[in-house]
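The next block holds one structure in the form of C-alpha cells; read it before the comments.
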Amino acid sequence: MGSIIRALLSLLSATQMSAQIIDGKATAATLRKDLAIRTQQLIAAGSPPPGLAVILVGSDAASEIYVRNKRKACAEVGFNSRAIDLPVETTENTLLTLIAELNQDESVDGILVQLPLPDHIDAAKVISAITPEKDVDGFHPHNIGLLVQRQPGLRPCTPKGIMYLLEQTEVDFHRSHAVIVGASNIVGRPMALELLLAGVTVAVCHRFTEDLASHVARADILVVAIGKPGIVQSQWIKPGARVIDVGVNRNDDGTLLGDIEFATAKQQASWITPVPGGVGPMTIAMLLSNTLEAAGLRRKS
Ligand code: NAP
C-alpha cells in the first residue's frame, strides 16, 4: 500500500512539481542579524570584538570578489576585520611566517587564507600552519579529523551552511539517500561527513564515477559541487528531491549560473537552491558564525 502511495506521489510530483526555493540569501541575512546581536552582547560584557584576518595572495578576479564580500560581512556584524592583501609573487615562507604571527596575535580569533593560492605555494602546508583554534574555514586536518570522529569543532563553512538550509526544509535525514557530485576537500568530502553525522545514507560521485545518471536518480538529497554546468542533467533528478546547487559559474555576459539548469530542475525537485542567492550567502554566514564560535572558545580557555 505504502509503495503504491509513494508511486502515486512520485507521479503527481513529476507532473505538477514546481520546487519551493531555498532562499539562502534571506536565511543568511537572518543569521547575520543574530550574529550581530550576539557580538554586541560579547562587547557589552567587556570582551573585544571578534577579529578575523582574511589573507588574499594575488589578484584572481573571483577571489577578490569573495574576499571583499567576506570582509564587508565581517564589518557589518561588528567584527574587527583585518585585510591582508599580498602580491602574487609572495613566497610560501613569507606566508607561513605571517600565519605564525597571526596565530600568536591575541586580537585575531580567525584566520582565513583565500583559496586557490598561486601554484608555487602549497595550500595544504598553509592550511596546516593555521592553529586549529583559529581555523574558521574548518579545513585544518585537526578540524576535519574531529568531523570524521563525530565530534565536530570548527566545521567547513559551505557544508555547514548547506546542512542549515536542508534543516529548514524539514527533511527526514534518517530516511534520505543523499548523492553528492564532486569530492573536493572543501565541499564534497566534508559534505559527506556532515550528512553522515546527521544519519543520512550517502554516496559521493566524482570524475571516475560511471553512470552518473543512475546515481543522481536515486537521490532524495542531491548536492552538486563540480564547477561545470551541464554535467548533471535536470531530467535525471528524482521527482521530489531536495537539490542543492553549489556550483558558481559565469555566463559570457558575466552573470552567474550554477551547475544545474535551474528552470528544468525546478520542475523535478521539491526544494531547490538558486544561484546566486542559495549556498553562497550561507557560506559567508557560517564563516562569521565560526569566527564568533572561535572567539567564544578562545576567551573561555
Ligand atoms: P573542485 O575542487 O574543482 O572540485 C570539483 C569536483 O568535481 C572534484 O571532486 C571533481 O572530481 C568533480 N568532477 C569534475 N568533473 C566531474 C565529472 N565529469 N563528473 C563528476 N564529478 C566531476 O571544486 P570545488 O572547490 O569543490 O567547487 C565546486 C564548485 O562549487 C565551483 O563552481 C566553486 O566555485 C563552487 N563553490 C561555491 C561555494 C559557495 O559558497 N557557493 C563554495 C565553494 C565552492 P575529482 O575529485 O575526481 O577530481
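Just follow the structure's listing: the first ligand is 1, and inside any ligand the first atom is 1.
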Look at [X] together with [Y] and state whether they make a salt bridge at an N to O cut-off of under 4.0 Å.
X	Y	result
K160	E293	yes
R68	E64	no
R155	E194	yes
K134	D105	no
D220	R175	no

Shortest protein heavy-atom distance from [atom], along with the residue and atom involved:
atom	result
atom 43 (C) of ligand 1	V187 CG2, 3.7 Å
atom 15 (N) of ligand 1	K228 NZ, 3.3 Å
atom 5 (C) of ligand 1	I226 O, 3.4 Å
atom 33 (C) of ligand 1	V248 N, 4.3 Å
atom 12 (C) of ligand 1	G182 CA, 3.9 Å
atom 4 (O) of ligand 1	S184 CB, 3.5 Å
atom 42 (C) of ligand 1	T158 OG1, 3.3 Å
atom 31 (C) of ligand 1	G227 CA, 3.6 Å

**Asked** Of the choices V246, L256, V279, which has the non-hydrogen atom that lies closest to atom 30 (O) of ligand 1?
**Response** V246

Give yes if a backbone or side-chain nitrogen or oxygen of [X] is under 3.5 Å from a nitrogen or oxygen of ligand 1, and no if not.
X	value
R189	no
C205	no
I186	no
T283	yes

**Asked** Could a heavy atom of G247 be found less than 4.0 Å from some atom of ligand 1?
**Response** yes

**Asked** Are more than 12 heavy atoms from other residues, nucleotides or ligands located less than 6.0 Å from atom CG of D252?
**Response** no

**Message:** Between Q267 and T264, is the side-chain hydrogen bond (donor to acceptor under 3.5 Å, both in side chains) condition met? List the steps.
**Reply:** CA-CA 5 Å; Q267 303 307 314; T264 43; over 6 Å; no

**Request:** Please determine, by modelled atom types, if T91 and T94 share a side-chain donor-acceptor pair under 3.5 angstrom.
**Result:** yes

**Request:** Determine whether the side chains of R71 and S81 contain a donor N or O and an acceptor N or O closer than 3.5 Å.
**Result:** no

**Message:** So does D253 get a backbone contact from the side chain of N251, meaning a donor-acceptor N/O pair under 3.5 Å?
**Reply:** no

**Item:** For A225, the ligand 1 atoms whose distance to one of its heavy atoms is below 4.0 Å
**Value:** 5 (C), 6 (C), 7 (O), 28 (C)

